[in-house]
Amino acid sequence: MILGVSSYSLYQAMDSGKMSFLDAISWVKEEGGEHFEVVPLGFDLLESPDLVQEIKLRAEQEKIVLSNYAIGANFIQDSREAFELEIERVKKHVDIAKDLGIMLMRHDVASRPLAETGDAQFYNDLPLLVEACQDVADYAANYGITTSVENHGYYVQASDRVQHLVKLTNRPNFRTTLDIGNFLCVDEDPVAAVMNNLPYASMVHIKDFYYQSSSENLGDGWFPTKENNYLRGSIVGQGDLKMREILKLIKNSGYSGYLSLEFEGIEDCEHGTRIGLENLRRLWEEV
């Protein structure tokens, strides 16, 4: 197991100007992280070629591994031309991953309004998503890069939908970035979902949530699940996920890759990430 942090965890500090993206790499190293996951929020590395080299250099200076490159994408487009353009854009990000020296890359695949996320619509869209993922994975294979889909964004979030996409894409270098907390966004039991998708994981995100069964808005920091319950990001180890049980599953599965901590709570992000990292390290040793 290689324990580290997603840059997403420190977005709050970067967005406020307290910390630069390069500072975040150094911060994670100082806190004992063994890897750093690159998630460019609020900027596009396609438009910042100098920053690509600066990120790589800072990681080399800090002697920390750049583990995964995670970007957004949506292959549900209004025309065939737009669909193909989106594939080409994602391929350009594969080039960025190569330039960073990163061998894992997560790209999203689809987004629809919540009212359009039913099974019939998903299975109608699935052949197009498979085509896109195959095309990107085949391109990434030229560099030895493994691409992945995350259980993310309501539409391709349940474990069975992720599995269908991975299996039908049928590429050895296309897998899933397994986020243990995101299954709650579609009200799926995280323990069962993690068990289902662990065999297909190229990367594991460790996240925690507070989960409330309620149809009423609980205020700032809370957001609705697909079935109108509510979630709020928590410090890892302090929320409602059965963290010990999930970590034990991961450990016993033989997974030996990256565990990437994601913090998205309302607490100060440095405080929340630091405590979460300490909790995760301790829990992993104890299970």
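Below, each value reflects all heavy atoms present in this structure, side chains not excepted, and no hydrogens, waters or symmetry copies.
The structure places CD of Q77 at 8.5 Å from CG of L85, a figure rounded to the nearest 0.5 Å. To the nearest 0.5 Å, atoms CG (D268) and OG1 (T273) are separated by 8.5 Å. Here the straight-line distance linking atom OG of S148 with atom CG of L178 works out to 10.5 Å at 0.5 Å rounding. Here CD of Q53 is found 9.5 Å from CD1 of I55. Values are rounded to the nearest 0.5 Å. Here the straight-line distance linking atom NZ of K207 with atom CD of E264 works out to 4.0 Å at 0.5 Å rounding. Rounded to the nearest 0.5 Å, atoms CD (Q212) and OH (Y230) are 12.0 Å apart.
V39 and L51 fall into different hydrophobic clusters, defined by Ile, Leu, Val, Met, Phe, Trp and Tyr side-chain heavy atoms under 4.5 Å apart, directly or through other members. Linking ILVMFWY residues whenever their side-chain heavy atoms come closer than 4.5 Å, directly or via other members, places F263 and F223 in the same cluster. Transitive grouping of hydrophobic side chains (ILVMFWY, heavy atoms separated by less than 4.5 Å) brings M1 and V287 into a common cluster. Residue W284 is grouped with residue M243 when hydrophobic side chains (ILVMFWY) are merged at heavy-atom distances under 4.5 angstrom, including chains of intermediate members.
Between V65 and E34 the shortest side-chain heavy-atom distance does not fall below 4.5 Å. Considering only heavy atoms from C-beta on, I246 stays 4.5 Å or farther from I206 through its side chain.
For the residue pair E188/S159, the side-chain donor-acceptor check at 3.5 Å is satisfied. Of the N and O atoms on the side chains of N182 and E150, at least one donor lies less than 3.5 Å from an acceptor on the other residue. A donor-acceptor contact closer than 3.5 angstrom links the side chains of E62 and S26. Checked by atom type, the side-chain pair S6/S260 shows no donor-acceptor distance below 3.5 Å. Looking only at atom types and distance, the side chain of Y139 has a donor-acceptor partner in the side chain of D95 under 3.5 Å away. Under the 3.5 Å distance criterion, with hydrogens and angles disregarded, a donor-acceptor pair is assigned to the side chains of D187 and N229. No side-chain donor from either of N74 and S111 sits under 3.5 Å from a side-chain acceptor of the other.
No more than 12 heavy atoms of other residues, nucleotides or ligands lie within 6.0 Å of NZ in K248, so this atom counts as exposed by the packing criterion.
The pair R171-D138 counts as a salt bridge, with a side-chain nitrogen and a carboxylate oxygen less than 4.0 angstrom apart. Salt-bridge formation is detected for the pair E88/K91: a Lys NZ or Arg NE/NH1/NH2 atom is positioned less than 4.0 Å from an Asp or Glu carboxylate oxygen. For K18 and D23, the salt-bridge test fails: no basic side-chain N is under 4.0 Å from an acidic carboxylate O. Look at E86 and R89 and you find a salt bridge, because one of the NZ, NE, NH1 or NH2 atoms lies within 4.0 Å of a carboxylate O, short of that distance. Salt-bridge check for D240 with K242: failed, with every basic side-chain N at 4.0 Å or more from each acidic carboxylate O.
Without hydrogens or angle criteria, H107 side chain to Y69 main chain gives no donor-acceptor distance under 3.5 Å. Side-chain atoms of D208 never come within 3.5 Å of backbone atoms of S234 as a donor-acceptor pair (strictly under, hydrogens ignored). The backbone N or O of V149 lies less than 3.5 Å from a partner atom in the side chain of T176, making a donor-acceptor pair.
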Test side-chain contact (heavy atoms from CB on, under 4.5 Å) applied to I64 and V28, step by step: CA-CA 9 Å; I64 189 169; V28 170; 3.8 Å; yes
Quick one, C133 with T147, criterion side-chain contact (heavy atoms from CB on, under 4.5 Å). Give me CA distance, side-chain angles, the key distance, then yes/no. CA-CA 8 Å; C133 292; T147 55; over 6 Å; no
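Evaluated for a side chain to side chain donor-acceptor pair (under 3.5 Å) with R161, the options N151, D119, T117 yield exactly one hit, D119. Residue V166 forms a side chain to side chain contact (heavy atoms under 4.5 Å, CB included) with just one option from T169, V162, N170, and that option is V162. For the pairing with F21, the ring-ring contact (aromatic ring centres under 6.0 Å, His included) check across Y8, W27, F36, Y11 returns one residue only, F36.
Taking the six-membered ring for Trp and thresholds of 30 and 60 degrees, H164 and Y123 have ring planes more than 60 degrees apart, a perpendicular arrangement.
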